[in-house]
*Asks:* 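Structure in structure tokens, see below.
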Amino acid sequence: MEKTPSYLAVESLMDLCRKAGIAKGREFMESESYCFYRNFSKLSWYSRVNINSMPQKNERMLAHIKELCTEENSPKYLSLAKEDMYEGFETDLDRMDFVFVKPQKGMLYDLKTAPVYDEDDNIVEVTEENLADWIDTCEKGFNKSGTSEDFNLFFKDKNCHFYGYVKDGRIVSTALLNVCGRNGGIHEVTTLEKYRGRGFAPALVKHIINEAKKYGCDMLSLQASVYGEPVYKKLGFNIVSSIMNYRI
């Protein structure tokens, strides 16, 4: 399929969904129109249907997507880029009982023109010894639990790199880089509430900019929340799509 900017913004996320599905022996489908990943993960964000493109209304495809999302142990999310959809799709999804959850911005960063940032001695690449600390911080930052098995799965993948910002003897901010070909995806960026507003997460992103170039990436991609968007824009990331997430 053609890798449009909106698809590139979620390519790494889809890759992580695929990895979770394969590792757990679960079901996944990929086509020009949509991707479907059902992996029963505690990381519900990685169990989803993603509509790649639907420029014209397709009742049969919509019905099939709803069927996938309502089966037992169905994916938790339906996601899409507003720019890749036909006019009126929001009304149709509402009619089909999909409930809008949250907006995000698909963002890309051109590494070919990226500066080289000074190294921050407080940033570490996570090892088996401090992975549990990283997971604990990530869970508290995102208010989730029970993700240890799933993060251990990603940790064992040679293209996944975990980074943490250390303060007061522990990891207080987290980030994950997934190298997906020439595209480096940034995921799981969060900071413990006590340490927010002190620049630790942006420092991790700057570190990843340096690291991703070493791994041969041409670009970085991410899905920014409403709160994260201005931070990433300040670092030089460009908005390429409006991502909409639904549940049913």
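FYI, side chains are in, hydrogens and waters are out, and symmetry mates aren't considered; it's all heavy atoms of this structure. Remember, it's a predicted structure, so these values are computed and weren't measured experimentally. Counting from 1, the numbers follow the sequence of the chain as shown.
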*Asks:* Could you give the distance from CG (L204) to OG1 (T191), rounded to the nearest 0.5 Å?
*Replies:*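 The OG1 atom of T191 is 7.0 Å from CG of L204, to the nearest 0.5 Å.
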*Asks:* Is there a donor-acceptor contact under 3.5 Å from the side chain of T4 to the main chain of Y7?
*Replies:*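 Here the side-chain-to-backbone pair exists.
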*Asks:* Report whether L13 and L176 are members of the same hydrophobic cluster (ILVMFWY, side-chain heavy atoms less than 4.5 Å apart, transitive linking).
*Replies:* yes
*Asks:* Counting N and O atoms only, with roles assigned by atom type, does the side chain of N159 sit under 3.5 Å from a partner on the main chain of C180, one being a donor and the other an acceptor?
*Replies:* no
*Asks:* So which of L8, N183, N52 actually passes side chain to side chain contact (heavy atoms under 4.5 Å, CB included) with K3?
*Replies:* L8
*Asks:* Mind listing the closest non-hydrogen atom pair of R38 and S74 along with its distance?
*Replies:* CD-CA, 4.0 Å
*Asks:* Report yes or no: do Y195 and Y165 belong to one cluster of Ile/Leu/Val/Met/Phe/Trp/Tyr joined by side chain heavy-atom distances under 4.5 Å?
*Replies:* yes
*Asks:* Could you grab the distance from atom CD1 of I243 to atom NZ of K82, nearest 0.5 Å is fine?
*Replies:* 13.0 Å
*Asks:* Hey, do the aromatic rings of F154 and H187 have their centres closer than 6.0 Å?
*Replies:*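 Ring centres of H187 and F154 not closer than 6.0 Å.
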*Asks:* Heavy atoms only: give me the nearest S12-N178 pair and the separation to one decimal.
*Replies:* OG-ND2, 3.0 Å
*Asks:* Donor-acceptor pair, E139 side chain versus T147 backbone, under 3.5 Å?
*Replies:* yes
*Asks:* State whether D136 and R170 are salt-bridged, where the test is any N-O pair (Lys NZ or Arg NE/NH1/NH2 against Asp/Glu carboxylate O) under 4.0 Å.
*Replies:*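 Yes, charged N to carboxylate O under 4.0 Å.
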*Asks:* Do V10 and M219 share a hydrophobic cluster, counting only Ile, Leu, Val, Met, Phe, Trp and Tyr and linking them when any side-chain heavy atoms are less than 4.5 Å apart?
*Replies:*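 No, it is not one cluster - the side chains of V10 and M219 are not joined through contacts under 4.5 Å.
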*Asks:* Start with the C-alpha distance between E188 and F142, add both sets of side-chain angles, then the distance that settles side-chain contact (heavy atoms from CB on, under 4.5 Å), and finish with yes or no.
*Replies:* CA-CA 8 Å; E188 306 298 339; F142 284 113; 3.5 Å; yes
*Asks:* Can you confirm whether H207 sits close enough to E119 that some side-chain heavy atom of one is under 4.5 Å from a side-chain heavy atom of the other?
*Replies:*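 Yes, close enough: below the 4.5 Å cut-off.
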*Asks:* Are the charged groups of E193 and R196 less than 4.0 angstrom apart, N to O?
*Replies:* no
*Asks:* Whether the side chain of N245 engages the backbone of K102 through a donor-acceptor N/O pair (distance < 3.5 Å, no angle test) should be reported.
*Replies:* yes
*Asks:* Does a salt bridge link R182 with E11, judged by any charged N lying under 4.0 Å from a carboxylate O?
*Replies:*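 No, no charged N to carboxylate O under 4.0 Å.
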*Asks:* Has N210 got a side-chain atom pairing as donor or acceptor with Y117's backbone, closer than 3.5 angstrom?
*Replies:*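 Such a contact is found between N210 side chain and Y117 backbone.
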*Asks:* Look at the side chain of T174 and the backbone N and O of G164, then say whether any donor-acceptor pair between them is shorter than 3.5 Å.
*Replies:* no
*Asks:* Applying side-chain contact (heavy atoms from CB on, under 4.5 Å), run through Y232 and V189 and close with a yes or a no.
*Replies:* CA-CA 11 Å; Y232 294 118; V189 179; 3.6 Å; yes
*Asks:* When rounded to the nearest 0.5 angstrom, what is the spacing between NE2 in H64 and SG in C69?
*Replies:* 10.0 Å
*Asks:* Could you tell me if the side chain of S47 sits less than 4.5 Å from the side chain of Y37, heavy atoms only?
*Replies:*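 Not in contact.
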*Asks:* What are the two closest heavy atoms between P5 and V240, and how far apart are they?
*Replies:* O-CG2, 3.5 Å
*Asks:* Here's a test for you: under side chain to side chain donor-acceptor pair (under 3.5 Å), which of S241, S53, S6 qualifies with D84?
*Replies:* S6
*Asks:* Any sub-3.5 Å donor-acceptor pair from R48's side-chain atoms to Y77's backbone N or O?
*Replies:*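 Side chain of R48 to backbone of Y77, a donor-acceptor pair under 3.5 Å: no, none is there.
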*Asks:* Quick one, E30 with M14, criterion side-chain contact (heavy atoms from CB on, under 4.5 Å). Give me CA distance, side-chain angles, the key distance, then yes/no.
*Replies:* CA-CA 10 Å; E30 296 171 333; M14 297 303 102; 5.8 Å; no
*Asks:* How close do T190 and C138 get, heavy atom to heavy atom, and via which atoms?
*Replies:*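 Nearest heavy atoms, T190 then C138: CG2-CA, 3.9 Å.
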*Asks:* Determine whether more than 12 heavy atoms belonging to other residues, nucleotides or ligands lie under 6.0 Å from atom NZ of K156.
*Replies:*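 Counting neighbours around NZ of K156, 12 or fewer heavy atoms of other residues, nucleotides or ligands fall under 6.0 Å, so no.
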*Asks:* Tell me whether I186 is reachable from M107 by hopping between hydrophobic residues (I, L, V, M, F, W, Y) whose side-chain heavy atoms are closer than 4.5 Å.
*Replies:*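 As far as the 4.5 Å side-chain criterion goes, I186 and M107 are connected within one cluster.
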*Asks:* Starting at CD1 of I135, measure out to CG of N130 and round the result to the nearest 0.5 Å.
*Replies:*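 If we round to the nearest 0.5 Å, I135:CD1 and N130:CG are 10.0 Å apart.
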*Asks:* For Y215 and L177, run side-chain contact (heavy atoms from CB on, under 4.5 Å): C-alpha distance rounded to whole Å, both residues' side-chain angles, the deciding distance at 0.1 Å, then the answer.
*Replies:* CA-CA 10 Å; Y215 289 118; L177 168 66; 4.1 Å; yes
*Asks:* Would you call the rings of F155 and F162 parallel, tilted or perpendicular, where under 30° means parallel and over 60° means perpendicular?
*Replies:*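 Rings of F155 and F162: perpendicular, over 60°.
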*Asks:* Return the minimal non-hydrogen interatomic distance between A203 and I123, and the atom names on each side.
*Replies:*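 Heavy-atom minimum between the residues: O-CD1, 3.4 Å.
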*Asks:* Using 30° and 60° as the class boundaries, would you call the ring planes of W134 and F151 parallel, tilted or perpendicular?
*Replies:* perpendicular
*Asks:* Give me the other members of the hydrophobic cluster that I65 sits in, counting Ile, Leu, Val, Met, Phe, Trp and Tyr linked by side-chain heavy atoms under 4.5 Å, directly or via other members.
*Replies:* M29, Y34, F36, V49, I51, M54, M61, L62, L68, L78, L80, M85, Y86, F89, L93, M96, F98, F100, M244, Y246, I248
*Asks:* Side chains of K19 and C160: closer than 4.5 Å at any heavy-atom pair?
*Replies:*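 Side chain of K19 against side chain of C160, heavy atoms only: contact under 4.5 Å found.
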*Asks:* Would you give the length of the straight line joining atom NZ of K105 to atom CG of N238, rounded to the nearest 0.5 angstrom?
*Replies:*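 Rounded to the nearest 0.5 Å, the NZ-CG separation comes to 13.0 Å.
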*Asks:* Determine the minimum heavy-atom distance between L111 and C217, stating which atoms define it.
*Replies:* CD1-O, 3.5 Å
*Asks:* Just checking R95: does its CZ atom have more than 12 heavy atoms from other residues, nucleotides or ligands closer to it than 6.0 angstrom?
*Replies:*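 It does: R95 CZ has more than 12 such atoms within range.
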*Asks:* Could you measure the distance from the CG atom of L131 to the OG atom of S148? Nearest 0.5 Å is fine.
*Replies:*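 If I round to the nearest 0.5 Å, the distance is 7.0 Å.
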*Asks:* Check the hydrophobic clustering (I, L, V, M, F, W, Y; side-chain heavy atoms under 4.5 Å; chains of links allowed) and say if V179 and F237 are grouped together.
*Replies:* yes
